[in-house]
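See structure below.
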Amino acid sequence: MIYLQLFFTFLKVGAFALGGGYAMLSLIGDSVLAYGWMTEEELLNFAGVETVIPGPIAVNMATFIGYDQGGFLGALLATVGVVLPSFIIILIIAALINNLMKYPAVNAFITGMRPSLGGLILATAATMGLTVFFGLENVSSPLSFDWRTVVILAVVIAVPIAYKKLVKKEFSPILLIVISAVFGILLFA
Amino acid sequence: MILLQMFISMLKIGAFAFGGGYAIIALLENEFVTKRSWIDHDEFMNVVAIAESTPGPIAINVATYIGYKLKGIFGATVATVGVCTPSFIIMYVVSLFYERFMELSIVMAAFRGVQICVVYLIASAALKMLKKMKKTARNVTVFAVTFGGMTACTLFDFRISSIIFIFTAGVVGLSSFLINKKRKGAKK
């Protein structure tokens, strides 16, 4: 029964994928290859295409593979499956957190995690930045540089600053994404 | 009314959630902490830390929590459905035209622009966190070690889960709390 198989496979992925999108990708990759739902090459191709689709990688993969194997119902079941475990876990945590935070030890643990979060996020920005601006994926990849990326970066930095000066409000990041897409088309297409 | 407003916000964020979990975190922070003040910065940071150390997509975990905080289980459901719906629809439509979609050079050109914006959004989210962080010796060290360690691991193709960094930081926080407590106890 393909529908059940899809639902439970992605339920498992949702329940065990710790550590963000790429952990998710390798876990999904294992199950998908094991069932023969995709070949390794298709999987790699998809990982490339997936990045231009908004939304968490897990949801995108569940929708795509679910559709491929079981049409609309397959897509729906796979997506619900991948989201359900974390939904339940977060509900439980959300219900308990205020009581738990009263324990100083729990509080010390959770607030202790916070500085590393900023470090992780900045590291993501730095490594993504190296890839986007210099084509650097790891220490051995050759450097490449394109002046057009700097033009777009300048726009993306200048617009929110100018807006804040003039209107005294934060510029919408969503609008900024739209602007950067337009400049991408103008400069790279 | 607040539910409808939240649903629309979540739809909007889901539709523009390019560039993975941390980019979505930046959008959620802007919408719910800066713009609407439905959750304060401290609590938001706690939730992101918890979301990162529990299974599942981090952005969905944070959305579920915000929904729960506003309107209980129903709110959590509305938020989760809202943030997932755009990618479901977009991915579904792309699946229908998959072969042709991959050949669209205009999509790729737009995406090159978006990537740059995403780097900017993630970096400014991180810098905002750094600015609001209490600059104690421990916090600064944990921040710097995580940043340096994670960047080096990525550049040297050494695959390591971000959870290891987060948990270690939690353990450091807990131990310094316990040590302080012991010291205070000794003084008495």
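Throughout, a chain's letter reflects where its sequence line sits, starting with A, and its residues are numbered from 1. Side chains are part of it too, since the values below use all heavy atoms of this structure and drop only hydrogens, waters and symmetry mates.
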Heavy-atom cut-off 4.5 Å, strictly under: side chain, backbone, both or neither for [X] against chain A?
X	answer
B:Y98	side chain
B:T34	side chain
B:A15	backbone
B:F165	both
B:I106	both
B:T77	both
B:Y65	both

Hey, is OH on A:Y35 packed in by over 12 heavy atoms from elsewhere, all under 6.0 Å?
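Enclosed.
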Is it true that, when you exclude A:L186 itself, more than 12 heavy atoms of the residues, nucleotides or ligands shown sit nearer than 6.0 Å to its CG?
yes
Going from [atom1] on [X] to [atom2] on [Y], what distance comes out if it is rounded to the nearest 0.5 angstrom?
X	Y	atom1	atom2	result
A:L117	B:E52	CG	CD	6.5 Å
B:M108	A:F188	CE	CZ	14.0 Å
B:L174	A:M113	CG	CE	11.0 Å
B:Y120	A:L176	OH	CG	6.5 Å
B:I122	A:L120	CD1	CG	12.0 Å
B:E43	A:I97	CD	CD1	8.0 Å

If you check every heavy atom in residues 130-140 of chain B against those of chain A, which residues fall under 4.5 Å?
B:M133, B:R138, B:N139
Chain A-proximal positions within residues 78-86 of chain B [heavy-atom distance under 4.5 Å]
B:T80, B:C84
Could you tell me which portion of [X] (side chain, backbone, both or neither) has an atom closer than 4.5 angstrom to a non-hydrogen atom of chain B?
X	result
A:F46	both
A:M61	neither
A:F64	both
A:T127	side chain
A:L130	side chain

Based on non-hydrogen pairs under 4.5 Å, which of [options] is most in contact with chain B?
options	value
A:P160, A:A95, A:G66, A:P85	A:A95
A:V132, A:I152, A:I53, A:V52	A:V52
A:V82, A:I179, A:I110	A:I110
A:A189, A:P56, A:A62	A:P56

Please identify, among [options], the residue contributing the most non-hydrogen atom pairs under 4.5 Å to chain A.
options	result
B:A59, B:C117, B:A76, B:A49	B:C117
B:D42, B:I25, B:T141	B:D42
B:L96, B:V107, B:V62	B:L96
B:L121, B:V171, B:N61	B:N61
B:I24, B:V118, B:V48	B:V48
B:V47, B:L178, B:T64	B:T64

Using the ring centroid of each side chain, check whether B:Y92 and A:F72 are separated by less than 6.0 Å.
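Between B:Y92 and A:F72, the centre distance is under 6.0 Å.
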[X] and [Y]: which non-hydrogen atoms are nearest, and at how many Å?
X	Y	result
B:L27	A:P173	CD2-CB, 3.5 Å
B:F143	A:P115	CD1-O, 3.4 Å
B:A110	A:I185	CB-CG1, 3.6 Å

In sequence, state the C-alpha distance, the side-chain angles, and the governing distance for A:F109 and B:F177, and then conclude on ring pair (Phe, Tyr, Trp, His ring centres under 6.0 Å).
CA-CA 9 Å; A:F109 189 81; B:F177 162 77; over 10 Å; no
